Amino acid sequence: MTRADSDIPRPEHPRPDFERDEWLNLNGPWRFEVDDAGDGEARGLITGHDLRETILVPFCPESKLSGLSRTDFMEHVWYRRTFDVPGSKSGKRLLLHFGAVDWHARAWLNGAFLGEHRGGYSPFTFDITRAAHVGENELVLHVIDRTTSGLQAVGKQCPKLKSEGCRYTRTTGIWQTVWLEAVGETYLRSLALYPDLDTGRVFFDACIEGPTAGIEVRLSAYLEDELIGEEAVAAAWRSTRGVVELSEITPWQPGKPFLYNLLIEIEKHGEAVDTVHSYFGLRKLAIQGSRFLINDQPVFQRLVLDQGFYPDGIYTAPSDADLKRDIELSMAAGFNGARLHQKVFEPRF
């Protein structure tokens with residue numbers, strides 16, 4: 001498994017703050033079917049059955065970029081694709097990540113049920129190590145989306161067939177990147193960072209998955225290529241805490257958004273078994289009376305309302321450049337921030 005090819009949509013790693021080298025982007029053409037009767041599982045769609053149409057993931061079927069432009073109500077939809085696991089990944093844990101699927105996702109790999117997730121905006125992960133095998137693997141996803149039920153968060157998605165007022169075309173199914181990562185038996189599950197500008201330190205809280213005997217968590221902070229802070233602590237089961245002291249202090253501030261590079265290594269007896277690339281900025285926020293302060297300096301907020309809809313992709317930006325362009329246009333119009341409205345935006349934004 002390597003980085004994604006540029007000939008698939010949204011090829012960049014979807015988590016620039018939590019990026020591994022060994023990953024495989026699963027965007028691109030998938031087989032797809034609308035299950036009007038909701039009997040797909042009874043018909044055996046969980047394995048070995050081709051589906052009727054093709055969709056371009058990560059764009060939802062309502063969007064033009066998906067190749068379907070189906071804007072009617074779709075309560076049940078199915079996805080299917082295959083992917084290869086090379087023999088070099090034997091012995092590794094394999095993690096299957098979904099950036100976001102609207103709304104209730106149920107997944108199978110090679111006919112084995114992986115699990116399910118409810119919620120149209122939050123990411124989720126399955127450990128597919130036992131279900132996957134070297135060579136070709138079949139991934140199937142069933143999505144249930146009851147937009148008009150009143151039982152799920154829909155944001156600005158319109159409960160009527162056509163958009164009206166301030167409610168717009170719905171999003172069903174996959175709308176963020178799907179990807180695989182290979183990790184060690186013990187790996188970094190999540191990481192929270194708490195920068196302290198005043199003292200030039202970064203506090204961290206790491207969640208480690210897998211056996212922790214003989215495991216250390218090492219964080220190395222870099223100013224460009226220069227190592228300016230490092231800390232290694234013994235791994236705990238769910239909460240591994242520590243602090244990195246920085247030898248050079250450069251604050252993040254409006255107009256000069258400086259970021260440090262961060263390398264997180266999960267080490268067993270001194271050898272890295274999992275490596276994650278991230279970054280952080282040193283800043284502090286405060287409210288003083290009616291003033292909002294960044295790094296003790298008052299900032300007048302002139303914010304644009306960003307609803308996060310795209311003409312051709314609906315919830316999903318056509319490209320990484322389009323995400324950046326939204327920010328550039330807002331700044332060119334005189335805004336210095338944004339209120340992100342009625343949806344959880346993708347991490348790259």
Side-chain angles (χ1 to χ4, degrees), residues 3 12-21 23 188-208 216-233 235 239-267 272 274-304 306 320-340 345-349:
R3 296 179 182 275
E12 61 282 341
H13 195 288
R15 287 288 306 274
D17 62 331
F18 205 95
E19 184 173 346
R20 292 183 171 97
D21 291 328
W23 74 290
L188 182 65
R189 181 175 176 178
S190 63
L191 180 72
L193 298 173
Y194 307 96
D196 187 343
L197 175 61
D198 291 333
T199 63
R201 298 182 295 175
V202 179
F203 298 87
F204 65 87
D205 190 351
C207 179
I208 306 301
E216 279 194 330
V217 179
R218 181 180 303 275
L219 272 72
S220 304
Y222 292 86
L223 196 160
E224 296 181 347
D225 295 326
E226 179 186 358
L227 180 65
I228 49 88
E230 188 173 39
E231 173 73 319
V233 296
S239 187
T240 302
R241 295 188 174 101
V243 58
V244 181
E245 304 270 355
L246 304 174
S247 61
E248 295 191 39
I249 310 304
T250 302
W252 183 103
Q253 54 189 334
K256 296 181 180 179
F258 181 83
L259 297 174
Y260 293 86
N261 293 319
L262 184 66
L263 182 68
I264 308 102
E265 296 169 293
I266 309 303
E267 299 180 338
D274 186 31
T275 301
V276 173
H277 303 276
S278 189
Y279 57 85
F280 66 91
L282 279 179
R283 71 175 182 189
K284 64 177 181 177
L285 310 176
I287 294 176
Q288 190 178 84
S290 60
R291 300 191 305 170
F292 173 68
L293 285 72
I294 299 179
N295 302 345
D296 297 323
Q297 299 300 313
V299 175
F300 181 80
Q301 297 181 81
R302 189 165 187 246
L303 310 183
V304 66
D306 192 330
D320 210 43
D322 287 283
L323 291 176
K324 184 177 180 181
R325 182 63 173 159
D326 273 0
I327 298 170
E328 292 172 337
L329 288 172
S330 298
M331 294 174 65
F335 297 100
N336 63 3
R339 177 163 71 90
L340 307 185
F345 285 56
E346 61 169 287
R348 290 198 67 88
F349 187 68

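As the structure is a computational prediction, the values presented were derived from the model and not from experiment.
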Q: List the steps, then state whether side chain to side chain contact (heavy atoms under 4.5 Å, CB included) holds for L285 with I294.
A: CA-CA 5 Å; L285 310 176; I294 299 179; 3.9 Å; yes
Q: Give the C-alpha distance, both sets of side-chain angles, the deciding distance and a yes or no for side chain to side chain contact (heavy atoms under 4.5 Å, CB included) between L293 and V299.
A: CA-CA 6 Å; L293 285 72; V299 175; over 6 Å; no
Q | side chain to side chain contact (heavy atoms under 4.5 Å, CB included) between K284 and N295, worked out | A | CA-CA 5 Å; K284 64 177 181 177; N295 302 345; 4.2 Å; yes
Q | Worked check of side chain to side chain contact (heavy atoms under 4.5 Å, CB included) between E231 and E245 | A | CA-CA 8 Å; E231 173 73 319; E245 304 270 355; over 6 Å; no
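Remark: the backbone N or O of F300 is paired with a side-chain donor or acceptor of N336 at under 3.5 angstrom. Put simply, the side chain of S247 gets close to the backbone of I228: a donor and an acceptor are under 3.5 Å apart. With hydrogens and angles disregarded, no donor-acceptor distance shorter than 3.5 Å links the side chain of D306 to the backbone of R339. In this structure, R348 contributes its side chain and D320 its backbone to no donor-acceptor pair below 3.5 Å. Remark: side-chain polar atoms of D274 are not paired, donor with acceptor, to backbone N or O of I266 under 3.5 angstrom. A donor-acceptor contact shorter than 3.5 Å is absent between the side chain of D196 and the backbone of R201. Using a distance-only test at 3.5 Å, with no hydrogens or angles considered, no donor-acceptor pair links the side chain of N261 to the main chain of D225.
Within the model, atoms CD1 of I264 and CD of E19 stand 11.0 Å from one another, a figure rounded to the nearest 0.5 Å. Here the CD-OG1 distance, from E224 to T250, works out to 9.5 Å after rounding to the nearest 0.5 Å. For the atom pair F349 CZ and I327 CD1, the distance stands at 4.5 Å (nearest 0.5 Å). Rounded to the nearest 0.5 angstrom, E248 CD and L282 CG are separated by 12.0 Å. Remark: E216 CD to T240 OG1 distance equals 11.0 Å, nearest 0.5 Å. Distance CG/D326 to CE/M331: 13.0 Å, rounded to 0.5 Å.
Between A338 and L303, the shortest heavy-atom contact is N-CD2, 3.8 Å. Of all non-hydrogen atoms in P347 and R15, the two that sit nearest each other are CG-CD, 3.7 Å. When all heavy atoms of G200 and I249 are compared, the closest pair comes out as CA-CD1, 3.4 Å. The heavy-atom pair separating P251 from F258 by the smallest distance is O-CB, 3.9 Å. The two residues L259 and Y279 have their closest heavy-atom pair at CD1-CD1, 3.8 Å. Of all the heavy atoms in F18 and L191, the pair that sits closest is CE1-N, 4.1 Å.
E230 and S220 share a donor-acceptor pair across their side chains, judged by distance under 3.5 Å alone.
Under the 4.5 Å side-chain criterion, counting only non-hydrogen atoms from C-beta, L262 is not in contact with V244.
A side chain to side chain contact (heavy atoms under 4.5 Å, CB included) with L219 is found for exactly one of V233, L193, V202, namely L193.
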